[in-house]
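Order of listing sets the numbers, starting from 1, for every ligand and every atom in it. Position 1 is the first residue of the sequence, and the numbers go up from there.
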Amino acid sequence: MSSTILVTGGTGFIGSHTTVALQQAGYRVLILDNLCNSSMAVLDSIAAITGTRPEFMLGDVCDAESLHTVFKRNDIVAVLHFAGLKAVGESTRIPLAYYDNNVHGSVQLLAAMQRAQVRCFVFSSSATVYGDPQKLPLTEDHPRSATNPYGHTKLVVEDIMANLHASEDGWRMARLRYFNPVGAHPSGLIGEAPQGTPNNLMPYVAQVATGHRPSLQVYGNDYNTPDGTGVRDYIHVMDLAAGHVAALRHCLDAKQALLTVNLGTGKGYSVLEMVRAFEAASGRPVPYDIVARRPGDIAACWADTELAHQTLGWRATKEIDEMCADAWRWETQRAQRK
Ligand SMILES: NC(=O)c1ccc[n+]([C@@H]2O[C@H](COP(=O)([O-])OP(=O)(O)OC[C@H]3O[C@@H](n4cnc5c(N)ncnc54)[C@H](O)[C@@H]3O)[C@@H](O)[C@H]2O)c1
């Protein structure tokens, strides 16, 4: 058995791009996914990019038996945990499903790791744990406050990791707080494939540009930002993937670690700036309507990226035009494949 990185949720958006980056860095990857928000076709696309099809096991992180089998049958040295539900609005409607999947699933996974004595764990947290920013840029010591059940699940898992780390020697863990992941692999073979109406801005904009949706609804243009629309820190998913490889190396090399870092670019773009960048990349108009603010949305949010640079030697390198161009390539190639 050769040493393997277990990637839960590895057929999803961020997990699939990180699998590519891991394989290209020389790691052997085993994906565990229940396919509730992805499909196995991604495995062929990953193989087309890297030349290697990752191992795959259909399974649920809430299922202790499947997890036990995974750890028994494979020489797993570390776990990257992407599996989870991620829609803020949905989490307010079905909170128990979010606590079950995101919190109970993480507890089952950590328990299986503990039993198998695998103590290297990288977790997908989110900038949503900062709540409404008291100051910008957001540094990792900014107070945490969850404004919705999804954010609360991330906060709870961060705390569970800290408790476990304090309870037992040898845990090497990273809590990676993503800002707004967008874009796609430059090949156009993998990208974000939301089922139904996209929750995030970029896939929605892309579907307006292709003509799948008539127009974009912009929630509020009266925020205290340069053009009045919400400002976010968009990060290219391949930069994010590289951040995971750096965090994994950091954890594998450490004897003990509990790292908490922002993964963002440190720059904020407004909704309208993003729309214009997407129009330029696609050559298509993106009509939009200004509608009322969405409850719970914050005005602006971007990352302080110094800690990630100091501890991981990592920085995001891709700009907004590249994020839009890659997302557009993915969207158009996907439409042709359908
Ligand atoms: N995309 C974002 O904007 C964003 C921002 C911050 C944090 N995150 C976090 O990053 C992680 C990955 O997000 P993504 O955008 O790739 O989402 P995604 O939905 O594309 O991927 C998640 C994957 O996990 C799988 N999954 C869900 N529940 C599972 C379970 N119980 N057992 C096994 N597999 C399961 C899904 O089928 C999917 O393939 C999530 O934890 C999410 O909360 C995402």
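Considering both main-chain and side-chain atoms, Pro181 never comes within under 3.5 Å of ligand 1 through any nitrogen or oxygen pair. Considering backbone and side-chain N/O atoms, His81 never comes within less than 3.5 Å of an N/O atom of ligand 1.
Contact analysis puts Gly59 in contact with ligand 1, with a non-hydrogen atom separation below 4.0 angstrom. Under the 4.0 angstrom criterion for non-hydrogen atoms, Leu35 is in contact with ligand 1. Residue Ser125 places a heavy atom under 4.0 Å from ligand 1. The closest approach between Asp60 and ligand 1 falls below 4.0 Å for a heavy atom of the residue.
In the model, Thr128 has no side-chain atom that pairs as donor or acceptor with a side-chain atom of Tyr150 under 3.5 Å. In this structure, a donor-acceptor pair under 3.5 Å is absent between the side chains of Thr147 and Asp132. With no hydrogens or angles considered, a side-chain donor-acceptor pair links Arg175 and Thr260 at under 3.5 Å.
Heavy-atom contacts of Tyr150 reach the following atoms of ligand 1: 6 (C), 7 (C), 8 (N), 9 (C), 42 (C), 43 (O) (cutoff under 4.0 Å). Less than 4.0 angstrom separates some heavy atom of Ser126 from each of these atoms of ligand 1: 6 (C), 7 (C). Annotation for ligand 1: atoms under 4.0 Å from non-hydrogen atoms of Ser124 are 9 (C), 10 (O), 11 (C), 41 (O). When each atom of ligand 1 is checked for a heavy atom of Asn200 under 4.0 Å away, the hits are 3 (O). With ligand atoms numbered from 1 in the order given, ligand 1 contributes 24 (O), 26 (N), 29 (C), 33 (C), 34 (N), 35 (C) to contacts under 4.0 Å with heavy atoms of Ala83. Listed by number with element, the atoms of ligand 1 under 4.0 angstrom from any heavy atom of Ser38 are 37 (O), 38 (C), 39 (O).
A perpendicular orientation is assigned to the rings of His142 and Tyr130, their planes being inclined by more than 60° (bins at 30° and 60°).
Among Ile14, Val88, Asn102, Asp33, the residue whose heavy atom sits closest to atom 39 (O) of ligand 1 is Asp33. When the heavy-atom distances from atom 41 (O) of ligand 1 to Lys86, Lys154, Arg232 are ranked, the shortest goes to Lys154.
Taking all atoms of both residues into account, the shortest heavy-atom contact from Thr4 to Val29 is CG2-C, 4.2 Å.
Counting heavy atoms closer than 4.0 Å to ligand 1, residue Ala127 contributes nothing at all.
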